[in-house]
Undergrad: 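For reference, the structure I am asking about is given below.
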Amino acid sequence: MSVLPIVTYPAPVLEQPCARVTVFDRQLGRLLDDMYETMIAADGVGLAAPQVGIAKQVAVVDIGDEHGRIELINPVIIEARGEQIDVEGCLSFPGLFGEVPRANYVKVRAQNRRGRLFTLSATGFLARALQHEIDHLHGVLFTSKVIRYCDLEELEG
Ligand code: CO
């Protein structure tokens, strides 16, 4: 596994829709492993393929809870309910944080690295992380949804 360079804003790959994955091969597995290692090295809780320069519908999430490492290929939100507003950041926007409204509950259908379909239900912070990463796969950045930016002193205070 290797740590990949993270693409930071502005970069065209961050704002374009990603292609669906149709081939579930060893190369995809390697991409997922590298993305996970990259996310951990950057102290993140999620990473989408365009953030390593690859416009494919691939994302990894690990918020450090019992769900562990979540790999999402071609993910789709099939249910969303409720609302939460909390502070969000993004590895492609170092040092930038803002309050973003998100659904409080989502059900996601995706494929795993072998192409098998699964569904995942999540609330709270995990639901937020999933929505953030799935947005990336459609070229949607959290900055387009921020309702109020935070300054670092406020967060640390
Ligand atoms: Co992000």
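Read the numbers this way: they start at 1 and go in the same order the structure lists the ligands and their atoms. In what follows, every heavy atom counts, from backbone to side chain, and hydrogens, waters and symmetry copies are set aside.
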Undergrad: If you look only at pairs with a residue in residues 122-138, which of them pass as a salt bridge (charged side-chain N to carboxylate O under 4.0 Å, His left out), with sequence neighbours excluded?
TA: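 Pairs touching residues 122-138 that pass the test: Glu88-Arg128, Arg102-Asp135, Asp135-Lys145.
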Undergrad: Check ring-ring contact (aromatic ring centres under 6.0 Å, His included) between His132 and all other residues, then give those that pass, not counting sequence neighbours.
TA: His136, Phe142
Undergrad: Side chains of residues 50-60: which donor-acceptor pairs under 3.5 Å do they make with residues two or more places apart or in other chains?
TA:
| residue | atom | partner | partner atom | Å |
| --- | --- | --- | --- | --- |
| Gln51 | OE1 | Ala48 | N | 2.9 |
| Gln51 | NE2 | Ser92 | OG | 3.0 |
| Gln57 | NE2 | Cys18 | O | 3.1 |

Undergrad: For Asp33, is there any backbone N or O sitting under 3.5 Å from a side-chain donor or acceptor partner on Glu37?
TA: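 Not confirmed, Glu37 side chain does not pair with Asp33 backbone.
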Undergrad: Tell me the protein N, O or S atoms under 2.8 Å from the Co ion (ligand 1), in chain and number order.
TA: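 For the Co ion (ligand 1), the protein N, O and S atoms that sit under 2.8 Å away are Cys90 SG, His132 NE2, His136 NE2.
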Undergrad: For a quick check under 3.5 Å, do Asn74 and Gln111 share a side-chain donor-acceptor pair by atom type?
TA: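 Note: Asn74 and Gln111 side chains meet the donor-acceptor criterion.
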Undergrad: Has Asp34 got a side-chain atom pairing as donor or acceptor with Val3's backbone, closer than 3.5 angstrom?
TA: no
